[in-house]
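For clarity, every value in this text was computed on a predicted model and none was experimentally measured.
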2 protein chains.
Amino acid sequence: MQTPIKIAVVGSGLVGSLLAIYLKRAGHTVHVYDRSPDIRKINFSGRSINLAMSNRGWRALDDLGLGDTIREIAIPMDKRAIHLVDEPLSYQPYGKEGECIYSISRGVLNRQMVTLAEAEGVEFFFESRVWDVTMADATLHTGETEKGPWDDLKYDMVFGADGAFSRIRHRMQRQNMFNYSQEFLNTGYKELNIPANPDGTHKLDKNSFHIWPRHDFMLIAMPNLDGSFTCTLFMPFEGENSFESLKDKETLEAFFAKHFPSTIEVIPNLVEDFFKNPTSTLVTMKCYPWTFEDKVALIGDAAHAIVPFYGHGMNAGFEDITILSQLMEQYGDDWKTIFQEYQKSRKPNADAIAELSYRNFMEMRSKTADAKFLLQKKIEKHFSENHPDKWLPLYSRVTFSFRPYAEALAIGDHQKAIMDEVMLMPDIESKWDTPEVEARILELLTAK
Amino acid sequence: MQTPIKIAVVGSGLVGSLLAIYLKRAGHTVHVYDRSPDIRKINFSGRSINLAMSNRGWRALDDLGLGDTIREIAIPMDKRAIHLVDEPLSYQPYGKEGECIYSISRGVLNRQMVTLAEAEGVEFFFESRVWDVTMADATLHTGETEKGPWDDLKYDMVFGADGAFSRIRHRMQRQNMFNYSQEFLNTGYKELNIPANPDGTHKLDKNSFHIWPRHDFMLIAMPNLDGSFTCTLFMPFEGENSFESLKDKETLEAFFAKHFPSTIEVIPNLVEDFFKNPTSTLVTMKCYPWTFEDKVALIGDAAHAIVPFYGHGMNAGFEDITILSQLMEQYGDDWKTIFQEYQKSRKPNADAIAELSYRNFMEMRSKTADAKFLLQKKIEKHFSENHPDKWLPLYSRVTFSFRPYAEALAIGDHQKAIMDEVMLMPDIESKWDTPEVEARILELLTAK
């Protein structure tokens, strides 16, 4: 059990709210600051990608007994639905029978998390702008404007859960020896919408993650409780097929008619939404260290912002909390050790999921449309079913296991080298499920 | 010829001062701001590594007719002098007969550059703290403190030549889609000193770059005009042989007696200097874009800070100016195009010299002590002398040519692959200068 202290969490997003509950349960006084208004009192903006909650996320909720409450607002998706032009719809199961990821609206979940945290006794201070932090004594500086005057709010400890553009990290960044990188993709995204049928049912299969892969760009759709789908169009900012090139109603409609004909009927407000909703950017942010003595720690996107193509931004942030909580149990009041072990344990895994997410960008937008790739997945799945102890596919290790992300990346690279060999076998298309292929994989697995 | 405009240069270092002269010669009004006092009026601090001016640097000075003035304060070094424990001193020539790099004290050069710029009519504003810039209208914001009040100084254009921790870049960094990284080495450095003999002569060979390579750490010494050498000790911050481990006089003296016995007599103030001089950090900083419309541009370390192990920080910064100046001639008043072409041309080369500098860190501290590596260099040199049209060694391409750094990196990688093959030849030690080896290199060169 820890000695109760006074902790400030900056950021009332998903990670900030959940962390606050964990800290409160551990006996501490917890205040959460956010520059935005209470998310329960505003319209959630049209620039969000739906969340795909998977096992790591659920564990952090279930450990507190909150999983079931959240499952009520989640829709299971057990497969990808692949939409190609002039071809029938095809499906790729994500994992084994019963393994799913869950579509949740970010806004809906965030409202729920804030309410749950308040019920636990966490205090929220909305529209409170934290401009800076004095790290040595965990003091927040808030005020109307960046140039002051500021109020000084003294705590025992500060968590920066304030996202990819964290102010808390901004202060840490000014320390000597602080490693930092931010790198933007040349691809951006825009939210679109597939409304529900008049009877409230979904226009597409509701238990699928829908994807229209088109190589340089792609459209995805994830189900909502109200029968609608939140769609996201990922596309380069500039070039032939780009946001820049879709300048008016005519170009936009022609583009969708050509590349996404199956969406014409289900996205009625295409033109209005496209030109109303902002085009957002995608960034990978890495930094180190994440902590300062026993005073300040970064968590979630503030420590490791990743691109959304593996659906693991929130899951990785929630896993930060799980690990931190385990270390709190282990080391009690020795917060210096807790923070050291926390950052040492999480940093390689954060780097690994960043890399995996970036690679999945390539996979989703082009490879999911590739017959050879689909065959490879089928062979892996077949082998894995016969030898579950010898082969856990990369996607499953990342999404349905609790194995470290860094391990998933390393084993995934090894598996890829093996599959590259297997795909070179003559007539692989016809003999993919034969003992010969199985024997070859076993041989390659033991070769190293 | 360009239409005269009013330009602010932030930073009165080497790149800022030289850029100011170029802009003044082009007919513009040029004001240089620096947060520090006039370098001519203060003692230059004990945290500098001597500069190694090479061809790219000289070109930028010679194009203005200023090279000869600066050559008077420079000492040519045509070779590395390698100091190993219990072995005789050995020498590695840097290039062909007559090819040298030049040792210059940073402080001495900077003072000279400011004086030269003033003589051209550039105005300097020292102890003027630029806190921010409004990019859209090229307005600098200066004041006593970061929190104001500030003066607004309106220009037509602003150059950020304010080094690795640039305030101008800090503003650009807050734009969307700004890529940025800073990465610190775990190795730091400390300045030491070899004083002149009583008669003003040098205690070691004055036309050598002296190096004591010890794998994880190394000492270097570069000559000054007054008979002294500026030494730099590069060493990890933590670990067995580290700055952290050298805590007191006794440990320090024992360390030097063991690892640098030949320096005992020539560094009389070791203990005093070691504990007085700061331990400095080494950072690689990359970013993009470097320019904002036709209003703001970064140059030198502000755009691309590199580690010092190739001796090219200043040379690369001066080459930025050469390229910018060529583009000013080419595009006249079309500053938007000038800035676009400038950043497009320089970015890949800045990335390349960053990579080469990092690699040279490995080479200098360990490989220069390795017999195999020295043999490889000898083979390369031999082949290059017989086939100057077919083989320009990497170091020479970087240091004695004006070929782009990116080209040097690419060709250097190809040469390395060839030499790796050559070094595998049986009995290479005894037959390194035979026609057989020559034929093998020619064969490998044409293989691709």
Original post:
Contact part of B:Leu185 toward chain A, heavy-atom cut-off under 4.5 Å: side chain, backbone, both or neither?
Top reply: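 It is the backbone, since no side chain atom gets that close.
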Could you pull out every donor-acceptor pair under 3.5 Å between chain B and chain A?
| unit_1 | atom_1 | unit_2 | atom_2 | d |
| --- | --- | --- | --- | --- |
| B:Glu146 | OE2 | A:Arg174 | NH2 | 3.4 |
| B:Arg174 | NH2 | A:Glu146 | OE2 | 3.4 |
| B:Asn176 | OD1 | A:Thr281 | OG1 | 3.3 |
| B:Phe178 | O | A:Gln182 | NE2 | 2.7 |
| B:Asn179 | OD1 | A:Phe184 | N | 2.5 |
| B:Tyr180 | N | A:Gln182 | O | 2.8 |
| B:Tyr180 | O | A:Gln182 | N | 2.6 |
| B:Gln182 | N | A:Tyr180 | O | 2.6 |
| B:Gln182 | O | A:Tyr180 | N | 2.9 |
| B:Gln182 | NE2 | A:Phe178 | O | 2.7 |
| B:Phe184 | N | A:Asn179 | OD1 | 2.5 |
| B:Thr281 | OG1 | A:Asn176 | OD1 | 3.3 |

Subject >> Separation between CG of B:Leu252 and CG of B:Leu233, rounded to the nearest 0.5 Å >> reply: 9.0 Å
Using every non-hydrogen atom in the two residues, find where [X] and [Y] come nearest and quote the distance to one decimal.
| X | Y | answer |
| --- | --- | --- |
| B:Pro37 | B:Ile42 | CB-CG2, 4.1 Å |
| A:Leu327 | A:Ile338 | O-CG1, 3.6 Å |
| A:Ala138 | A:Val158 | O-CG2, 3.8 Å |
| B:Ile168 | B:Gly160 | CG1-CA, 3.8 Å |

Subject >> Part of A:Phe178 lying under 4.5 Å from any heavy atom of chain B >> reply: both
Original post:
Checking ring pair (Phe, Tyr, Trp, His ring centres under 6.0 Å) against B:Phe217, which of B:Phe237, B:Phe255, B:Phe361, B:Phe234 comes through?
Top reply: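 So the option named by the test is B:Phe255.
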Subject >> Close side-chain approach of A:Cys231 and A:Ile220, heavy atoms under 4.5 Å >> reply: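 With C-beta onward as the side chain, the pair stays apart.
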